[in-house]
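In what follows, chains are A, B, ... by sequence order, proteins preceding strands, each numbered from 1. Note that the coordinates shown come from a computational prediction; the quantities given were computed from them, not determined experimentally.
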2 protein chains.
Amino acid sequence: MIRSKASIIEACAALIAEEGFSGVSIEAVAARSGAAKTTIYRHWPSREALLAEAFGVCADAALPSPDTGSLREDLRVVLGGLTLKLNDAGWCSAIGSLADAAGRDVTLERLHQTTLSTGRRPLTGILERAVERGDLPPGLDIEDAVALIVGPLFYRAMIARQPVAEAFVARAVDAALAELGRART
Amino acid sequence: MIRSKASIIEACAALIAEEGFSGVSIEAVAARSGAAKTTIYRHWPSREALLAEAFGVCADAALPSPDTGSLREDLRVVLGGLTLKLNDAGWCSAIGSLADAAGRDVTLERLHQTTLSTGRRPLTGILERAVERGDLPPGLDIEDAVALIVGPLFYRAMIARQPVAEAFVARAVDAALAELGRART
DNA sequence: GCGGTACGATACGCCGCCGTAGCGAAGTGC
DNA sequence: GCACTTCGCTACGGCGGCGTATCGTACCGC
């Protein structure tokens with residue numbers, strides 16, 4: 001039947017958003033989903049397996065992946081999508097608690113890195129196309145560029161824990177592009 | 001006597017650095033410090049009180065607060081200090097786990113905000129003096145400026161979880177200053 | 001409508017942690 | 001050196017989570 005699986009994952013994702021990655025217990029998932037604890041253990045071998053699967057649900061919703069031909073416009077679109085997520089407490093809780101837990105568990109570190117690299121793919125794509133067009137200098141370090149662009153946004157939302165305003169995103173883009181547009185030292 | 005208090009705080013700070021803010025139990029502190037659980041409860045009314053006090057130890061070590069008259073040089077010094085902390089796994093664990101937990105507990109949110117505003121005071125001081133000297137435009141939004149400057153560094157260390165290189169810090173400074181030096185829109 | 005499967009409910013033993021209590025042994029002040 | 005404080009040790013009842021086992025039942029395909 002597997003009619004319970006979906007509701008279990010949904011409940012688990014909601015709990016991750018509320019309580020954080022390490023604050024979710026199987027008992028709580030069972031209570032919230034209406035499923036029995038036994039049923040959960042029938043579907044997943046361990047707590048980690050369930051969490052990993054449920055995590056995708058609340059963090060994987062992809063960013064837009066525009067290709068307008070204009071670097072600035074592409075960035076505006078993709079960072080608009082990112083801003084929506086950064087201003088969502090549940091998303092921040094999920095990502096933040098996983099990032100935190102990743103420092104103490106190799107398995108979680110892998111999950112976190114996978115999530116990260118999947119999530120920023122739209123952005124790296126934009127940057128690579130901009131390099132091909134000549135809008136950004138060749139040999140650009142994509143990793144550095146991503147950190148320069150989204151770093152201020154993540155800091156604002158997840159460290160300072162304050163809302164990310166559209167005007168601030170614009171400033172961050174201006175700052176990053178001013179630097180990235182220069183030939184490298 | 002109070003000879004036990006110091007060792008308890010020290011053990012608690014070490015555990016925060018290792019296990020994160022919400023991964024510390026009184027029993028673990030007792031075992032690690034050599035003190036009895038009873039003694040801990042004699043000194044602190046609750047787990048939270050102890051954690052708050054111990055947190056200061058492993059996160060409060062102040063950044064340098066230079067005033068060389070040169071904005072770039074001041075930034076170089078203070079961000080050098082910050083980079084040392086960001087490349088320390090214990091510091092990241094402490095700050096990151098508190099930032100994460102702050103989303104679910106008002107008391108911890110206050111502690112986190114206090115830690116943040118204390119920690120960035122050297123940086124805000126530098127920026128304010130630069131504005132007074134005319135090196136930065138008047139009316140500069142200090143909050144925005146701080147996020148622009150340190151955001152990429154925090155992202156690199158605590159989100160991407162990779163080492164922060166000196167060259168990257170230089171690029172982040174260049175990017176932020178290029179934007180901050182402009183008149184605001 | 002009959003077998004098989006997926007499920008819910010309950011109960012179990014185990015563990016780790018909570019916060020408290022009682023006691024005896026050190027160290028400290030005078 | 002005596003009173004007093006601080007401390008370590010042990011034990012307690014309670015709680016919540018773990019992962020497993022058992023049993024009864026609802027749903028499915030055919």
- Which residues satisfy the salt bridge (Lys or Arg N to Asp or Glu O under 4.0 Å) test with B:Arg42, sequence neighbours excluded?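 Testing B:Arg42 for salt bridge (Lys or Arg N to Asp or Glu O under 4.0 Å), a comparison that skips the adjacent residues, returns none.
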- Task: Examine the side chains of B:Ser65 and B:Arg121 and answer whether a donor and an acceptor come within less than 3.5 Å of each other.
- Result: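 Not at all, the side chains of B:Ser65 and B:Arg121 share no donor-acceptor pair under 3.5 Å.
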- List in chain and number order the residues that pass side-chain hydrogen bond (donor to acceptor under 3.5 Å, both in side chains) with A:Gln113, two or more places apart in sequence or in another chain; answer none if no residue qualifies.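 With sequence neighbours excluded, A:Gln113 shows a side-chain hydrogen bond (donor to acceptor under 3.5 Å, both in side chains) to A:Glu109, given in chain and number order.
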- Can you list the residues that meet the side-chain hydrogen bond (donor to acceptor under 3.5 Å, both in side chains) rule with B:Ser117, with sequence neighbours excluded?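 Here no residue qualifies.
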- Decide, yes or no, whether a salt bridge links B:Arg72 with B:Asp174 under the criterion of side-chain N to carboxylate O below 4.0 Å.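 Looking at B:Arg72 and B:Asp174, the cut-off is met.
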In whole angstrom, give the distance that lies between atom [atom1] of [X] and atom [atom2] of [N].
X       : N     : atom1 : atom2 : result
A:Ile40 : C:dA9 : CD1   : C1'   : 14 Å
A:Ile8  : C:dG8 : CD1   : C1'   : 11 Å
B:Lys5  : D:dT5 : NZ    : C1'   : 15 Å

- Message: Counting C-beta onward and ignoring hydrogens, is there a side-chain heavy-atom pair between A:Leu50 and A:Ile8 closer than 4.5 Å?
- Response: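 A:Leu50 reaches A:Ile8 side chain to side chain.
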- Message: For A:Ala170, give me all partners under side-chain contact (heavy atoms from CB on, under 4.5 Å), at least two apart in sequence or on another chain.
- Response: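 Residues passing side-chain contact (heavy atoms from CB on, under 4.5 Å) with A:Ala170: none at all.
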- Side-chain N or O of A:Thr39 closer than 4.0 Å to phosphate OP1/OP2 of C:dC7: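 Checking A:Thr39 against C:dC7: no side-chain N or O falls below 4.0 Å of OP1 or OP2.
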- Task: May I ask you to verify if any side-chain N or O of A:His43 is less than 4.0 angstrom from the OP1 or OP2 atom of C:dA6?
- Result: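 Answer is no, no contact under 4.0 Å.
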- Base-contact (B) and sugar-phosphate-only (S) positions in nucleotides 17-22 of chain D, heavy-atom cut-off under 4.0 Å, - elsewhere: SBBBBB
- Query: For DNA chain D, which consecutive runs of 3 or more Watson-Crick or G-U pairs (each distance under 3.5 Å) count as stems?
  - Reply: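 Correct response: C:4-30 with D:1-27.
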- With no hydrogens and no angle check, is any side-chain donor or acceptor of A:Arg32 less than 3.5 Å from a backbone partner on A:Leu15?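 Absent.
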